[in-house]
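Everything below concerns the one structure shown next.
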Amino acid sequence: MRVFVTGATGFIGTELVKELIEAGHQVRGLTRSDSGAAQLKSAGAEVHRGDLEDLESLRSGATGMDAVVNLAFNHDFSKFAKNGADERQAIEALGSVLQPGKLLVVTSGTGLVSGGPGHVRMESDPASSSAAIPRQPEDATQAAAARGVHVAIVRLPQVHDTRKQGLVPMLTQMARDKGVSAYVGDGAQRWAAAPLKDVAHLYRLAVERTGPGVTVYHAVQEEGVALRDIAATLGKGLKVPVVSIPPEKAAEHFEWFAHFAALDMPASSDWTRKTLGWEPTGPGLIEDLEHMTY
Ligand SMILES: NC(=O)c1ccc[n+]([C@@H]2O[C@H](COP(=O)([O-])OP(=O)(O)OC[C@H]3O[C@@H](n4cnc5c(N)ncnc54)[C@H](OP(=O)(O)O)[C@@H]3O)[C@@H](O)[C@H]2O)c1
């Protein structure tokens, strides 16, 4: 298949480009930079220069493709609302040039699913959006789906290897800066997780196997890892004390990150595993954190 990947030079995109090319697909990757272009070329991908804010560059990249995978996102949290709006426009632009029967794969998050604390997020649960996390990638696929473009939504948990682990690096940095590795309350809040290579494999299966309509996948290996266990592992690695912060003091300690630090967002992938025949085999989140260089 001919596949256009945005975010092709990022943490997940780099692994996905490799996975797709090894499986015999032709990949065109989006990048803004010379270094990104060099990386894509050496991986065997076609380079497409462009920017999420340049919708024409997205439309020209996606034109004529069998599938488009959107992984690009600007993670500057000081401009979160703008970046969420840019993502929405980018997905709409990418979908607008795909022919009916072709495939649009959009990245979402298990943290973008409806459900309060204690609720294990399912693929059948609707997406949510909040002022704290102003992203609506799933909603942005509606126009393409209505035209008969096949849509796959991949909801990601904390995607990890020994270099990066979703939102965990924010906790690591905070523990380094403040000299304590902290969690909120009893630390029973759970974050779902999956290893990087298994996530890339899931995207490839989604590219190859998604049929008509809108299909939601959860790229989840571990349903929920307790923040208490994450904080304990970081404390050990950084050789700093592990402490509980009472909920009423969370904003003071975690600052802008307090919303995330208090989130309980476990997620199931039973349906995804059965549907795609996906069986993740990589290390768990705690194992990767234990092998990280501190
Ligand atoms: N990693 C996780 O654990 C995790 C968890 C949940 C959801 N997600 C989501 O999964 C997606 C990929 O995550 P990631 O961790 O691989 O991200 P990443 O490592 O930060 O990579 C971001 C990619 O987006 C591209 N990009 C950034 N701003 C851009 C812009 N204005 N125009 C065009 N491209 C732009 C970058 O490309 P260039 O710099 O080469 O242009 C880069 O390839 C994101 O939507 C992310 O929010 C990730």
Side-chain angles (χ1 to χ4, degrees), residues 4-19 27-41 43 45 47-62 68-77 79-80 82-91 93-94 105-113 121 127 133-138 140 153-172 191-200 202-203 206 217-222 225 230 260 263 265 267 282 285 288-289:
F4 179 44
V5 180
T6 74
T9 58
F11 179 58
I12 298 165
T14 299
E15 199 61 37
L16 175 61
V17 168
K18 202 162 49 163
E19 167 89 20
V27 176
R28 174 186 288 175
L30 179 79
T31 185
R32 294 167 296 172
S33 68
D34 291 343
S35 60
Q39 180 190 323
L40 287 168
K41 226 181 261 171
V47 176
H48 187 80
R49 298 296 287 250
D51 195 300
L52 283 177
E53 295 180 58
D54 173 1
L55 299 182
E56 194 40 48
S57 72
L58 302 180
R59 286 190 283 262
S60 63
V68 170
V69 180
N70 185 54
L71 276 165
F73 192 75
N74 180 347
H75 287 111
D76 176 353
F77 285 103
K79 295 192 299 179
F80 207 2
K82 177 184 184 311
N83 299 340
D86 285 349
E87 174 181 56
R88 184 188 183 97
Q89 284 186 353
I91 291 168
L94 292 165
V105 183
V106 161
T107 301
S108 182
T110 51
L112 293 172
V113 182
R121 277 74 171 157
I133 313 181
R135 293 180 69 172
Q136 291 182 301
E138 303 191 18
I153 289 164
V154 180
R155 291 178 178 159
L156 296 180
Q158 311 308 308
V159 181
H160 56 86
D161 68 3
T162 55
R163 299 166 298 161
K164 267 178 84 174
Q165 310 84 20
L167 294 169
V168 176
M170 319 283 176
L171 291 174
T172 315
W191 289 0
L196 175 63
K197 280 187 195 305
D198 288 299
V199 168
L202 183 145
Y203 272 93
Y217 302 111
H218 281 188
V220 168
Q221 179 192 44
E222 294 177 284
V225 182
I230 294 172
F260 296 101
L263 277 180
M265 44 181 181
L285 173 59
D288 268 344
L289 291 176

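Sequential numbering from 1 along the given sequence is applied to the chain's residues. First listed ligand is number 1; within each ligand, the first listed atom is number 1.
For Ser108 and Glu138, the side-chain atoms include at least one donor-acceptor pair closer than 3.5 Å. A side-chain donor from one of His218 and Arg155 sits under 3.5 Å from a side-chain acceptor of the other.
Between Lys164 atom NZ and Leu196 atom CG the span is 9.5 Å, to the nearest 0.5 Å. For the atom pair Thr110 OG1 and Leu112 CG, the distance stands at 8.0 Å (nearest 0.5 Å).
Under a 4.0 angstrom heavy-atom cut-off, Gly36 registers as lying outside contact with ligand 1. Contact annotation: Gln39 has no heavy atom less than 4.0 Å from any atom of ligand 1. Within the structure, ligand 1 lacks Ala90 among the residues with a heavy atom less than 4.0 angstrom away. Heavy atoms of His75 approach ligand 1 to within less than 4.0 angstrom. For His160, the closest heavy-atom approach to ligand 1 does not fall below 4.0 Å.
Salt-bridge annotation for Lys79 and Asp86: absent, with no side-chain N of the basic residue lying under 4.0 Å from a carboxylate O of the acidic one.
Neither the backbone nor the side chain of Arg155 has a heavy atom within less than 4.0 Å of ligand 1.
Distances between N or O atoms of Gly10 and those of ligand 1 include at least one value under 3.5 Å.
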